[in-house]
Colleague: 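One structure, as C-alpha cells, below. Some questions next.
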Amino acid sequence: MTTIGPSDPPFSNSGSDKVNIGQYFNQSGEIVDCWLDHLMPPVDVDPPIIHEAMRYSLFAGGKRLRPILAMATGELFGVSEEDLLPAACTLEMIHTYSLIHDDLPAMDDDDLRRGMPTCHVRYGEAIAILAGDALLTQAFITLSTTPIKDPLIRIALLRELSTASGTINALIGGQVLDLTSEGKRVSGAELEMIHRAKTGALIRCAVRMGALIGGASSRELTALTTYGEKIGLAFQIADDLLDETATTAQLGKTAGKDAATKKATYTSLYGLDGAQQLARRVVEEAHASLHQLDLDITRLEAIARFIIDRQS
Ligand code: GRG
C-alpha cells in the first residue's frame, strides 16, 4: 500500500471496539497532529515567521474535536486514514483561524488560549491576523489538492467547508450576530440562532464531511446531519457551563469571561441546572437520530456524551 501521509500510531476502522472515549480522543488526536504537521508548510520555508505563527496556534493544544468527529463518522463507513485525515485536518485549520481572530483586541481581546499566550500576544497583531488568514487559506489548499478519488466528493467537501465558514448560518455570520447582540436582551431562539452558526456550523460540517467521504446515502446523511446539529448545540451549552464552573487553568482560556462581559449565554438564560438539563436533552436527541442508522453508532454516541461531560 502506498501511504501518502503519516500512519503512526495505528488507525482503527472499527467503531465497535468499546475503547474508552478519553483514550480514543488521545489516540485520534495524535493521528490528527501527525497529519497536521505533514500538511502545514514547514517553518523553514520563506517567510518563516508566518509558518511559525500558524504552527504556534495550531499545535498549542486543543481537543481536536472537529477532525475527530469527521474521523469517527468516516470510520462508520470503513474509510481509510489516507482518505479521511487531510479533509479532517482542514476543520482544525479553520477552527484555529477562528480562535486566533476571536482573541484579537478588536474582538474578544484575550491573552490566553489553549493554555498559552494568544497568537497576537506572542507575534503581534499583524502577524496574528495573517496567521488566521493563512490557516483559512491552507484549509482550502489542502482540500483542493488532497487525493480524494471522486471529483464530485471533493467538490461537495469544498462546498461544505466553505459554506460552514461563511456568513449565512455559519461561522462568520454567527460571530457577527454574537458581536452585535452584546449588551442586548437575547431570547432563547436568538441565542440558538447565534450558536447554530458560530459554533454549530463547523461541528455539523465535520460530521457531514466524514459522511460524504464515506459515501453515506441521503437517509444516512440526514440522520447524521441532525446528530451534528444537536451535538453542536450541546457543545455550546457545555461551553457556557464550563465558562462558569471551570477554572482558567482547566480551560486554558480566561474563565468567567461571559459573566464579566454580561454576555447572553445558556446559563444566564436558563440557570446552571436548566442549562445542564437542556444539554442532556439535546444529547438524547442526538442519540435518537443515530438510532435511525443501521451502523455501529457506539463511538458517535460516546462522543456526544463526552461533549457534555468534558472538563475543558
Ligand atoms: C473570528 C470568524 C471568527 C469566528 C470566531 C468559534 C468562534 C467564532 C469563536 C471562538 C470563541 C468561543 C470561545 C466560542 C465558543 C465555542 C468554541 C468554539 C470553543 C472552543 O472550541 P474547543 O473547546 O477548543 O473545541 P479547543 O482548544 O479544544 O480546540
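Order of listing sets the numbers, starting from 1, for every ligand and every atom in it. All of these numbers come straight from a predicted model, not from anything done at the bench.
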Colleague: Is it the side chain, the backbone, both or neither of Asp108 that has a heavy atom closer than 4.0 Å to ligand 1?
Modeller: neither

Colleague: Looking only at side-chain N and O atoms, does Asn26 offer a donor or acceptor that is under 3.5 Å from a partner on Glu30?
Modeller: no

Colleague: Using modelled atom types only, decide if a donor and an acceptor are shared between the side chain of Ser289 and the backbone of Glu285 within a distance under 3.5 Å.
Modeller: no

Colleague: Which of the numbered atoms in ligand 1 are below 4.0 angstrom from a heavy atom of His101?
Modeller: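 Counting from 1, the qualifying ligand atoms are 1 (C).
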
Colleague: Which atoms from ligand 1 have a heavy atom of Ile172 less than 4.0 Å away?
Modeller: 2 (C)

Colleague: Return the option from Asp103, Leu171, Leu202, Asp102 holding the heavy atom at the smallest distance from atom 11 (C) of ligand 1.
Modeller: Asp102

Colleague: Out of all atoms in ligand 1, which are within 4.0 Å of some heavy atom of Leu99? Include the element for each.
Modeller: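 So the atoms of ligand 1 that pass are 10 (C).
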
Colleague: Within a strict 4.5 Å, meaning less than it, do heavy atoms of the Asp46 and Pro48 side chains meet?
Modeller: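 Yes, side chains in contact.
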
Colleague: Check each atom of ligand 1 against the heavy atoms of Gln236 and keep those under 4.0 Å away; list them by number with element.
Modeller: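 Listed by number with element, the hits are 15 (C), 16 (C).
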
Colleague: Return a table of donor-acceptor pairs under 3.5 angstrom between the side chains of residues 61-71 and protein atoms on other chains or two or more places apart.
Modeller:
unit_1	atom_1	unit_2	atom_2	d
Lys63	NZ	Ser312	O	3.4
Arg64	NE	Asp33	OD1	2.8
Arg64	NH1	Leu58	O	3.0
Arg64	NH1	Gly61	O	3.3
Arg64	NH1	Glu92	OE2	2.9
Arg64	NH2	Asp33	OD1	3.0
Arg64	NH2	Leu58	O	2.7
Arg66	NH1	His95	NE2	3.3

Colleague: Within the structure, does Ser98 bring an N/O atom to less than 3.5 angstrom of an N/O atom in ligand 1?
Modeller: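 Among all N and O atoms of Ser98, none is under 3.5 Å from an N or O of ligand 1.
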
Colleague: Which bit of Leu65 gets closer than 4.0 Å to ligand 1, counting heavy atoms only: side chain, backbone, both or neither?
Modeller: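 Answer for Leu65: neither.
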
Colleague: Looking only at non-hydrogen atoms, which of Lys253, His195, Glu92 approaches atom 13 (C) of ligand 1 most closely?
Modeller: Lys253

Colleague: Would you say ligand 1 has an N or O under 3.5 Å from any N or O of Arg64?
Modeller: no

Colleague: Looking only at heavy atoms, is any part of Gln175 under 4.0 Å from ligand 1, and if so is it the side chain, the backbone, or both, or is it neither?
Modeller: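 The side chain, only.
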
Colleague: Just jot down the ligand 1 atoms closer than 4.0 angstrom to any heavy atom of Arg114, in number order.
Modeller: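 It comes down to these atoms of ligand 1: 26 (P), 27 (O), 29 (O).
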
Colleague: Any luck finding a side-chain donor-acceptor pair between Thr118 and Asp110 under 3.5 Å?
Modeller: no

Colleague: In the single-linkage hydrophobic clustering (I, L, V, M, F, W, Y; side-chain heavy atoms under 4.5 Å), do Leu233 and Leu224 co-cluster?
Modeller: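 Per the 4.5 Å side-chain linkage, Leu233 and Leu224 are not co-clustered.
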
Colleague: Starting from atom 24 (O) of ligand 1, locate the nearest protein heavy atom and write down its residue, its atom name and how far away it is, to 0.1 Å.
Modeller: His95 NE2, 3.5 Å

Colleague: Measure the acute angle between the ring planes of Tyr266 and Tyr270, then classify it against the limits of 30° and 60° as parallel, tilted or perpendicular.
Modeller: parallel

Colleague: Quick check: does Arg66 get an N/O under 3.5 Å from an N/O on ligand 1?
Modeller: yes

Colleague: Looking only at protein heavy atoms, which one is nearest to atom 15 (C) of ligand 1, and what is the separation?
Modeller: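 For atom 15 (C) of ligand 1, the nearest protein heavy atom is Asp239 OD2, 3.4 Å.
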
Colleague: Strictly below 4.0 Å, N to O, side chains only: are Lys253 and Asp239 in salt-bridge contact?
Modeller: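 Salt bridge flag = yes for Asp239 with Lys253.
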
Colleague: Does atom CG of Asp102 have more than 12 heavy-atom neighbours from other groups under 6.0 Å away?
Modeller: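 It does: Asp102 CG has more than 12 such atoms within range.
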
